[in-house]
Amino acid sequence: MVVEGLLLAYNTMPKISIMFWCFLLLPLVFYCSEANQKVGIYELKKGDFSVKLTNYGATVLSVVLPDKNGKLDDVVLAFESLKDYSNDSVYFGAIVGRVANRIGSAQFSLNGVHYKLVANEGKNTLHGGLKGFSDVVWTVKSYIEDSHITFTYNSLDGEQGFPGDLVVSVTYMLVETNKLAIKMEAKALNKATPVNLAHHTYWNLRGHNSGDILSHHLQLFGSNITPVNDQLIPTGEIAPVKGTPYDFLEPQEIGSKINELPDGYDINYVLDPSSYKHLRKAVVLRDSVSGRKLELWTNMPGLQFYTSNKLDNVKGKDGFVYEKHAAVCLETQGFPDAVNHPNFPSQIVKPGETYLHVMVYRFTAA
């Protein structure tokens with residue numbers, strides 16, 4: 001069904017090359033040796049559009065693209081040096097997992113077995129635990145500068161408390177003009193396990209060193225959210241956004257209602273069905289000063305909208321210091337804490353099954 005949906009989406013989504021759709025249908029290639037892997041920096045580049053990455057956490061370090069006047073800027077937040085990522089608590093640009101977002105009380109039950117995970121945010125598990133996928137060195141499986149890079153990682157049974165061996169692959173691919181596709185795959189080898197990978201880049205379309213994003217205009221195609229308690233763990237409810245500060249169904253400034261929330265935005269949206277079949281149009285983000293616009297499609301049911309509320313005097317690239325609301329995260333995902341809420345879409349991957357998460361970014365400027 002996933003393959004059929006992707007093929008149907010090709011006929012309805014804004015044009016993307018045949019090469020990209022063939023890429024989506026390639027089988028997952030497994031590569032299980034991370035021993036002696038070196039940390040490096042790699043660049044994908046087509047014309048004025050470039051993306052720099054590292055295999056530490058399969059992390060995006062920069063995205064450079066022109067504004068409406070042709071001026072090039074780096075539009076993602078990152079640290080100055082790779083060594084800073086070993087102490088990263090904000091997950092700049094990383095792939096997070098085995099289960100992104102939060103798992104309440106760092107535990108769940110599956111097939112009659114109770115699993116206790118590593119807690120790293122109070123009594124809860126956040127983004128996979130103390131050493132999630134953002135804190136491991138991935139293997140570079142394939143790299144072509146004007147095309148793609150594929151990172152692989154072998155997650156062992158019991159890692160951070162999760163069951164079963166899991167082989168993971170993440171591919172970043174440049175598509176046509178100023179399009180970036182991300183494909184995250186994972187295959188359970190011997191035990192059923194929850195899998196929910198997410199891409200955690202911090203975006204500021206005016207430039208990473210331009211200040212806050214409160215004047216960015218956001219349209220988010222989610223009519224509902226999954227409300228949370230005071231620890232940001234979902235209650236299990238699904239609630240409409242109409243009449244609340246969470247309503248971005250029509251474009252508006254991010255800062256227009258942020259003062260109605262105690263800490264800013266950090267919530268999972270239930271994405272609406274769309275005409276793109278299995279690829280939903282999730283977000284349109286626009287900055288009027290630079291003219292840059294980001295459009296995002298995904299096959300996931302949810303999206304975490306986060307306004308970098310916890311950034312506080314974080315030293316980043318070029319010596320710039322990032323403060324609260326310096327960027328926005330748009331993390332397509334399964335619903336948080338789904339392992340403890342049977343009414344949420346399941347994240348369980350059984351042995352022999354393959355998890356597939358697709359994101360497509362389209363950047364323009366006018």
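Everything quoted here is computed from the prediction, not taken from an experiment. Numbering starts at 1 and runs along the sequence shown. These values consider heavy atoms only, across backbone and side chains, with no hydrogens, waters or symmetry-generated copies.
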Open item on the list: Between Arg98 and Glu159, does any side-chain N to carboxylate O distance fall below 4.0 Å?
Closed with: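 Judged by the 4.0 Å cut-off on N to carboxylate O distance, Arg98 and Glu159 do not form a salt bridge.
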Task: SB check Glu185 Lys187 (cutoff 4.0 Å) - done: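 Here Glu185 does not pair with Lys187 in a salt bridge, since their nearest N and O are not under 4.0 Å apart.
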How about [atom1] on [X], more than 12 heavy atoms from neighbouring residues, nucleotides or ligands closer than 6.0 Å, or not?
X      : atom1 : answer
Lys45  : NZ    : yes
Lys315 : NZ    : no
Asp263 : CG    : no

With distance as the sole test, does [X] use its side chain to make a donor-acceptor pair with the main-chain N or O of [Y] at under 3.5 Å?
X      : Y      : value
His341 : Pro234 : yes
Asn120 : Leu126 : yes
Tyr269 : Tyr246 : yes
Gln231 : Lys123 : no
His127 : Ala100 : no

Task: Ser288 and His217: CA distance, side-chain angles, deciding distance, side-chain hydrogen bond (donor to acceptor under 3.5 Å, both in side chains) verdict - done: CA-CA 8 Å; Ser288 58; His217 284 78; 5.1 Å; no
Open item on the list: Are the side chains of Thr193 and Tyr355 in contact, using a 4.5 Å heavy-atom criterion?
Closed with: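 No, every pair of side-chain atoms sits at 4.5 Å or beyond.
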Open item on the list: Is any side-chain heavy atom of Leu82 closer than 4.5 Å to one of Tyr56?
Closed with: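 A side-chain contact under 4.5 Å is absent here.
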Please verify the inter-ring angle class for [X] with [Y]; under 30° counts as parallel, over 60° as perpendicular, anything in between as tilted.
X      : Y      : value
His200 : Tyr91  : tilted
Phe151 : Trp138 : perpendicular
Trp203 : Tyr361 : tilted

Open item on the list: Using the ring centroid of each side chain, check whether Tyr115 and Phe162 are separated by less than 6.0 Å.
Closed with: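 They do not qualify: ring centres at least 6.0 Å apart.
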TODO: Tell me whether the centres of the aromatic rings in Phe248 and Phe305 are closer together than 6.0 Å.
DONE: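 Yes - the distance between ring centres of Phe248 and Phe305 falls below the 6.0 Å cut-off.
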N/O donor-acceptor pairs under 3.5 Å from side chains in residues 207-214, not counting sequence neighbours:
unit_1: His208; atom_1: ND1; unit_2: Tyr322; atom_2: OH; d: 2.7
unit_1: His208; atom_1: NE2; unit_2: Asp318; atom_2: OD2; d: 3.1
unit_1: Ser210; atom_1: OG; unit_2: Asn204; atom_2: OD1; d: 3.1
unit_1: Ser210; atom_1: OG; unit_2: Asn204; atom_2: ND2; d: 3.4
unit_1: Ser210; atom_1: OG; unit_2: Gly207; atom_2: O; d: 2.7
unit_1: Asp212; atom_1: OD1; unit_2: Leu214; atom_2: N; d: 3.0

Open item on the list: Let's go through Val90 and Lys310 carefully: what are the C-alpha distance in whole Å and the side-chain angles of both, what is the deciding distance for side chain to side chain contact (heavy atoms under 4.5 Å, CB included) to 0.1 Å, and is it a yes or a no?
Closed with: CA-CA 8 Å; Val90 295; Lys310 295 181 180 179; 5.8 Å; no
